[in-house]
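Reviewing the structure listed below.
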Amino acid sequence: MIAEFETPSDLVRAAQAAYNDGWRRMDCYTPYPVEEAAEAIGFHKDRVSLLTLTGGLMGLCAMFSLETWISTLAYPLNIGGRPTYSWPAFIVPAYEWTILFAGLSAAFGMIALNGLPSLYHPLFNAPNFRTGATDDKFFLCLEALDPKYDASGTRAYLESMGPNSVVEVEY
Amino acid sequence: MATKDIKPEDPRIDPKTGEFRVLAPGFTFKTVTAKIADIVLTPTTSLGWFALFSVGGAVATLVIVAVTWLFLKGTGIWAVSQPVGWGFAIINFVWWIGIGHAGTLISAILLLFKQQWRNSINRFAEAMTIFAVVCAGLFPLIHVGRPWLAYWLFPLPNTMNVWPQFRSPLLWDVFAVSTYATISIVFWYVGLIPDFGTMRDRAKTKFAAYIYGLLSLGWRGSVRHWVRYETASLLLAGLATPLVLSVHTVISFDFAVAVIPGWHTTIFPPYFVAGAVYSGFAMVLTLAIPLRKFYKLEGLVTDRHMDNMGKVMLTTGLIVAYGYGMEVFMAWYSASHWEFFMMWNRMFGPMGWSYWMLIACNIAIPLTTLWVRKWRTNMTFMFVMSLIVNTGMWFERFVIVVTSLYRDFLPSSWGTYRATKWDYMTYFGTMGLFTALFLLFVRFLPMIPMNEIKMMLPSAKITAKAKPAVGAGD
């Protein structure tokens, strides 16, 4: 069941109210990031940062050990008697790979945690979703999986919040 | 300074701050989407686009011809020889990479500093970065002599049991530039995902909806997704910032680690990075000024953007000027005969004209005029200025590479450098390639990030007061 709102403020207020009333299986859909709406539905921890840190450290260790192994064991080069384990020279590629791995983890981690790509979603069947959610309308979705859900009651509940329209989506 | 020379009732000025407005008043969510998406989704392409694209494409064929001949004959067709072993290829490589740096600066560093005005220009500035890196990457690749063996640069196991030498700055370059290209593309694509969603939903033909739908990965704007998306963008910006500073630093190591007078200096890393940003902003202006006129985007890319970009150029130009001054000072203060001679030869030797060209284009003309706000918002002036600065920065690379090499320690081994037609063809060809790629971007992708513009609109402000008719919450 989705309700369409005209302004972000209306959406945030409605989402906050529904959350306070005990709804949990819910989501908001907006054309641009509305942090307040995420706060309102109680979502503020994401694991993207942790993934990025892990990725970065992996890149660092991978490159630094590769360089050490190549320069000291696999293919030691004696150039003017300089030490083969010349770690200051290894910093630059290791630094670049830290950034490379961290950046890729951030981007692909975000996509994976979001469950994308998922080219189909039931919400796309709602008549007003595709024209609004990525353009200028704000949606609150209360899902049927929530124990508080019942078709007529939820519709009346959403309509009491002053939306443009309330639509039931085939799930 | 110059707030006085603009009348206070000027509609372009925000009365609260006395600065130019970032966006023209009167935009709503709907008009932002329509304005940006419809440039791409229109079925008709203007004749001007085709005309420019044919010019760009025609010039790009030069690079194809030149590279084909190069692969057949070898690098001997270029002017590189002893003592100038590095010629146009490295000059153009450094020049193009430098141009790319402004895109990352705009998309990453200004995001971290919460400079919201950047939102209008970051998408196409970043596209510019990617295409500039494409042009830059071509040069070292074709300069290796046997480009089909270029994979030897990477630490890959092979039957000869040979591995790369990690103590060479040239190998550091491989990692710096390949990371830079990858992260730029990823950052750019992540920024595009939500806009692809918008394009999918607005597309009028099935085919366009299908393609944009695939590219959008099924983006549906869930706020949970948005929170992760924002975190990822911020982290990518935080990672791209040290990256962009490191890339030109590593490139400057290619020179600074050598013992050649004129290269062996510690001023190179900061001065290379500042020069990169300087030329990059000039290129952003070269692209933005015709673009906003042609597509009537003055409401989104406003005089504020032009004014601010002028200020950034002024700042980085002053850093570059300090770098030049320091080079001259150190040539004297080092009391090294070779350093002193190098600087004298650079200024008054047979190639002295290139040094004075660089001083005129990078310092004398821009750094005296960019102080005036009225000129910073005069588009003809800024366009000409951006071309002058780009020329000047190319001469800077030329001066550093050629005038340091052609007369070094032993007079008996002095030589000269005169680029051949193949050098020029490759150089101009990459400009055509850049133009063609950029025109394709403008035609097929939204050149301004819609979701980031919507965030800046006054209607995006969350207000606490409830609508009277609503009995929400019970």
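Fair warning: this is a prediction, and the values are worked out from it, not measured in the lab. Note on naming: letters A, B, ... go to the chains in the order of the sequence lines (proteins, then strands), and numbering restarts at 1 for each one.
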(message) Quick one: does any side-chain atom of B:Arg220 pair with a main-chain N or O of A:Tyr120 as donor and acceptor, under 3.5 Å?
(response) no

(request) Return yes if some donor-acceptor pair links the side-chain N/O of B:Tyr229 with the main-chain N/O of A:Asn114 below 3.5 Å, else return no. (result) no

(request) Return yes if some donor-acceptor pair links the side-chain N/O of B:Trp163 with the main-chain N/O of A:Ala74 below 3.5 Å, else return no. (result) no

(request) Identify which part of B:Leu214 has an atom lying under 4.5 Å from any heavy atom of chain A, answering side chain, backbone, both or neither. (result) both

(request) Select one option (side chain, backbone, both, neither) describing which atoms of A:Thr52 are under 4.5 Å from chain B's heavy atoms. (result) side chain

(request) State, with a plain yes or no, whether a side-chain heavy atom of A:Thr84 is found less than 4.5 Å away from one of B:Arg167. (result) yes

(request) Determine, stepwise, if the pair B:Ser178 / A:Glu96 fulfils side-chain contact (heavy atoms from CB on, under 4.5 Å). (result) CA-CA 9 Å; B:Ser178 58; A:Glu96 302 297 343; over 6 Å; no

(request) Could you tell me the separation between the CD1 atom of A:Ile99 and the CZ atom of B:Phe175, rounded to the nearest 0.5 Å? (result) 14.0 Å

(request) Flag the one option from B:Ala176, B:Gly213, B:Gly197 with the top tally of heavy-atom pairs under 4.5 Å to chain A. (result) B:Ala176

(request) List the steps and the verdict of side-chain contact (heavy atoms from CB on, under 4.5 Å) for B:Val227 and A:Met110. (result) CA-CA 10 Å; B:Val227 169; A:Met110 180 273 287; over 6 Å; no

(request) May I ask you to check whether over 12 heavy atoms, not counting those of A:Arg82, lie within 6.0 Å of atom CZ? (result) no

(request) Give the minimum heavy-atom separation between A:Val48 and B:Arg228, together with the two atoms involved. (result) CG2-CB, 3.9 Å

(message) Is it the case that atom NZ in B:Lys204 sees more than 12 heavy atoms from other parts of the structure closer than 6.0 Å?
(response) yes

(message) Using modelled atom types and a 3.5 Å cut-off, is there a donor and acceptor pairing between side-chain atoms of B:Trp219 and backbone atoms of A:Leu116?
(response) no

(request) Counting only heavy atoms closer than 4.5 Å, note whether B:Pro169 contacts chain A via side chain, backbone, both or neither. (result) neither

(request) Report, by ascending residue number, the residues of residues 180-189 of chain B in heavy-atom contact with chain A at a distance under 4.5 Å; give 'none' if the set is empty. (result) B:Thr182, B:Ile183, B:Val186

(message) Among A:Leu140, A:Val12, A:Asp27, exactly one meets side-chain contact (heavy atoms from CB on, under 4.5 Å) together with B:Val223. Which residue is that?
(response) A:Asp27

(message) For chain B, which candidate among A:Pro93, A:Cys141, A:Ala15, A:Gly115 shows the most heavy-atom pairs at distances under 4.5 Å?
(response) A:Pro93

(request) Taking all non-hydrogen atoms of both residues into account, name the closest pair between B:Pro164 and A:Ile70 and its distance. (result) O-CG2, 3.9 Å

(message) Treating B:Lys454 as the side-chain partner and A:Asp136 as the backbone partner, does any N or O pair qualify as donor plus acceptor under 3.5 Å?
(response) no

(message) With a 4.5 angstrom heavy-atom cut-off, is it the side chain or the backbone of A:Leu51 that approaches chain B, or both, or neither?
(response) neither

(request) Answer yes or no: is there a side-chain heavy-atom contact under 4.5 Å between B:Trp226 and A:Cys28? (result) no

(message) With a 6.0 Å cut-off (strictly less than), is the heavy-atom count around CZ of A:Phe108, excluding the residue itself, greater than 12?
(response) no

(message) At a 4.5 Å cut-off on heavy atoms, which part of A:Trp23 comes close to chain B: side chain, backbone, both, or neither?
(response) neither

(request) Please state whether the side chain, the backbone, both or neither of B:Asp195 comes within less than 4.5 Å of a heavy atom of chain A. (result) neither

(request) Could you grab the distance from atom CD1 of A:Ile79 to atom OG of B:Ser168, nearest 0.5 Å is fine? (result) 9.0 Å

(request) Count the heavy-atom pairs under 4.5 Å between each of B:Val250, B:Leu243, B:Val190, B:Val247 and chain A, then report the option with the highest count. (result) B:Leu243

(request) For the residue pair A:Tyr32 and B:Phe29, categorise the inter-ring angle as parallel (less than 30°), tilted (30 to 60°) or perpendicular (more than 60°). (result) tilted

(message) Quick check on B:Leu235 against chain A: is it the side chain, the backbone, both or neither that has a heavy atom closer than 4.5 Å?
(response) side chain

(request) Give the member of B:Val174, B:Asn161, B:Thr33, B:Ile453 that has the highest number of heavy-atom pairs under 4.5 Å with chain A. (result) B:Thr33

(message) Tell me the closest heavy-atom pair linking B:Ala232 and A:Ala106, and the distance in Å.
(response) CB-O, 3.7 Å

(message) Taking atom CE as the centre, does A:Met58 end up with more than 12 heavy-atom neighbours from other residues, nucleotides or ligands that are less than 6.0 angstrom away?
(response) no

(request) Just give me the residue among A:Ala89, A:Pro33, A:Pro31 that pairs up with chain B most often, heavy atom to heavy atom, under 4.5 Å. (result) A:Pro33

(message) Among A:Ala37, A:Gly109, A:Ala102, which residue has the highest count of heavy-atom pairs closer than 4.5 Å to chain B?
(response) A:Ala102

(message) Nearest 0.5 angstrom please: B:Leu236 CG to A:Leu104 CG, how far?
(response) 8.5 Å

(message) Has A:Ser118 got a side-chain atom pairing as donor or acceptor with B:Gly218's backbone, closer than 3.5 angstrom?
(response) no

(request) Could you tell me the separation between the OH atom of B:Tyr210 and the CG atom of A:Leu119, rounded to the nearest 0.5 Å? (result) 8.5 Å

(request) Select, from B:Arg202, B:Glu452, B:Arg224, the one with the greatest count of heavy-atom pairs under 4.5 Å involving chain A. (result) B:Arg224

(request) Might you point out which heavy atoms bring A:Ser49 and B:Thr231 nearest each other, and give the distance in Å? (result) OG-CG2, 3.6 Å

(message) With heavy-atom distances below 4.5 Å as the criterion, would you say the side chains of B:Val162 and A:Tyr75 are in contact?
(response) yes

